[in-house]
Amino acid sequence: MSRTLVTGSAGRLGRSVVSALAAAGHEVIGVDSVPGTPGDAAATLPADLTDLGETYEVFARFRPDAVLHLAAIATPFSRSDAVTFRTNTALAFNVCDAAVALGIGKVVVASSPTVVGYGSPSGWAPAYLPIDETHPTQPWNAYNLSKLVAEETMRSFARTAATRLAAFRPCFVIAPEEWAGAPTQSGHTVTERLDQPEIAGVSLFNYLDARDAADLLMALLDRLPGLPNGEVFFAGAADALAREPLAELLPRVIPSTAGFAETLTGTSPAFTSAKAERLLGWQAKRSWRTELSA
Ligand SMILES: NC(=O)c1ccc[n+]([C@@H]2O[C@H](COP(=O)([O-])OP(=O)(O)OC[C@H]3O[C@@H](n4cnc5c(N)ncnc54)[C@H](O)[C@@H]3O)[C@@H](O)[C@H]2O)c1
């Protein structure tokens with residue numbers, strides 16, 4: 001049985017990942033600075049992983065085979081820029097440093113599609129659509145900068161470590177209770193995001209069911225030993241969180257996408273997960289069309 005440590009296990013994504021790992025037979029250790037919810041699939045150990053000593057201590061105590069690093073200040077502008085940058089970059093460094101030093105075999109770091117820079121107040125246009133992992137990055141706030149630094153941190157350890165490392169960029173995560181009407185990370189319900197396109201338009205109508213994210217992480221853990229070290233993967237639903245084709249909707253909501261959006265046919269999204277499909281055999285199974293409660 002594989003022993004997997006999940007940082008940020010009490011969070012929106014962490015709870016689904018812990019459940020999926022436990023259901024797949026992993027021994028799961030959850031670590032978070034806040035307590036878990038009663039009924040979670042694994043108990044949460046309280047720890048502040050911005051403290052390097054505490055990170056070493058937790059990893060040394062459990063000696064996991066793999067670490068899924070999800071802990072972060074996950075919402076842009078929810079804290080001051082300085083705290084967001086300092087926290088997220090320290091977390092990524094401490095997790096990679098402790099895992100590599102202690103000989104943990106596999107590490108996956110959560111990044112974000114926001115690293116490409118959409119939503120910038122000074123204007124942003126895609127280089128092309130759909131956006132893939134080779135698209136230029138243009139961080140413009142403390143959150144997306146911290147995520148790009150987290151990716152680079154992972155990559156820098158991957159150049160010399162025996163540990164196999166990767167990062168993934170999950171699209172806007174929707175947890176099971178949010179399909180049933182609970183507010184999403186932005187504070188809006190999924191239905192509001194569909195009915196008012198200017199809300200989801202900011203993130204180019206991207207989304208991902210949290211359980212699909214968990215499936216991707218399990219596929220990544222399986223395939224990591226055979227991949228080049230330090231790869232990054234987008235992970236998004238197979239369609240856009242929109243009631244109209246993005247070819248028409250996207251240029252209306254984000255005029256700078258005109259001239260690019262016509263490549264998006266039918267219900268297809270603005271981000272492609274083709275790399276994850278090719279290298280991991282993963283595709284998102286869930287869509288708002290099947291998951292949203294009436
Ligand atoms: N939710 C999304 O739409 C989305 C999209 C792209 C990327 N991500 C990334 O995925 C990861 C998980 O996101 P989420 O939506 O579950 O966020 P979340 O805020 O629900 O969960 C993050 C968890 O990290 C914990 N944490 C924060 N600081 C910590 C510390 N110092 N030590 C230990 N734990 C700490 C928090 O207490 C929280 O439970 C984050 O890295 C986020 O940046 C999320």
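Heavy atoms only: backbone and side chains are in, while hydrogens, waters and symmetry mates are out. Each ligand, and each atom within it, is numbered from 1 in the order the structure gives.
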- Query: Which atoms of ligand 1 sit under 4.0 Å from any heavy atom of Asp48?
  - Reply: 30 (C), 31 (N), 32 (N)
- Can you sort out the partners of Phe157 under ring pair (Phe, Tyr, Trp, His ring centres under 6.0 Å), two or more places apart, ordered by chain and number? Phe93
- Task: Would you please name every residue forming a ring pair (Phe, Tyr, Trp, His ring centres under 6.0 Å) with Tyr128, sequence neighbours left out?
- Result: His135
- Going by an N to O cut-off under 4.0 Å, is there a salt bridge joining Glu178 and Arg193? no
- Output yes when the distance from some N or O of ligand 1 to some N or O of Pro170 is under 3.5 Å, and no in every other case. no
- When you look for heavy atoms under 4.0 Å from ligand 1, do you find them on the side chain of Arg12, its backbone, both, or neither? both
- Message: Is it the case that ligand 1 has an N or O less than 3.5 angstrom from some N or O of Tyr143?
- Response: yes
- Item | Glu151 and Arg169 ion-paired at < 4.0 Å | yes
- Item | Per-atom contacts of ligand 1 with Phe172, taking only distances under 4.0 Å to non-hydrogen atoms | 3 (O)
- Message: Check this for me - ligand 1, Val173, N or O atoms closer than 3.5 angstrom, yes or no?
- Response: yes
- Message: Whether the Thr189 and Thr191 side chains hold a donor-acceptor pair (N or O, under 3.5 Å, no angle test) is what I'd like checked.
- Response: no
- Of all the non-hydrogen atoms in the protein, which one sits nearest to atom 32 (N) of ligand 1, and at what distance? Leu49 N, 3.1 Å
- With heavy atoms of Thr50 as the reference, note each atom of ligand 1 found under 4.0 Å away. 31 (N)
- Message: Hydrogens and angles aside, do Asn94 and Tyr56 bring a side-chain donor and acceptor to less than 3.5 Å of each other?
- Response: no
- Note on the structure: Judged by heavy atoms only, the candidate from Ala175, Ala10, Gly30, Ser33 nearest atom 34 (N) of ligand 1 is Ser33
- Task: Just let me know how Lys147 lines up against ligand 1, side chain, backbone, both or neither, with a heavy-atom cut-off below 4.0 Å.
- Result: side chain
- What protein heavy atom sits nearest atom 21 (O) of ligand 1, and how far off is it? Gly11 CA, 3.3 Å
- Can you tell which part of Thr75 has a heavy atom less than 4.0 Å from ligand 1: side chain, backbone, both or neither? neither
- Query: Are Asp32 and Thr44 linked by a side-chain donor-acceptor pair shorter than 3.5 Å?
  - Reply: no
- Between Leu280 and Ala219, what is the shortest heavy-atom contact and its length? O-CB, 3.9 Å
- Counting from 1 in the order shown, the ligand 1 atoms closer than 4.0 Å to a non-hydrogen atom of Gly8 are 23 (C), 24 (O)
- Query: Would one find an N or O of Leu70, backbone or side chain, under 3.5 Å from an N or O of ligand 1?
  - Reply: yes
- Looking only at heavy atoms, the pair that brings Ala47 and Val58 closest together is CB-CG2, 4.0 Å
- Message: Can you tell me how the ring of Phe77 sits relative to the ring of Trp140, calling it parallel under 30°, perpendicular over 60° and tilted otherwise?
- Response: tilted
- Item | Shortest reach to atom 7 (C) of ligand 1 by a heavy atom, considering only Ala110, Ser111, Ala74 | Ser111
- Just heavy atoms, cut-off under 4.0 Å: does Ala47 contact ligand 1 by side chain, backbone, both, or neither? backbone
- Item | Nearest protein heavy atom with distance in Å, relative to atom 27 (C) of ligand 1 | Ala72 O, 3.4 Å
- Query: With a cut-off of 4.0 Å, which atoms of ligand 1 are near a heavy atom of Ala71?
  - Reply: 24 (O), 26 (N), 34 (N), 35 (C)
- Message: Quick check: closest heavy atoms across Pro126 and Phe260, and the distance to 0.1 Å?
- Response: O-CZ, 3.2 Å
- Query: Do NZ/NE/NH1/NH2 and the carboxylate oxygens of Glu291 and Arg211 come within less than 4.0 Å?
  - Reply: yes
- Item | Polar atom proximity, Leu13 to ligand 1 (N or O, under 3.5 Å) | yes
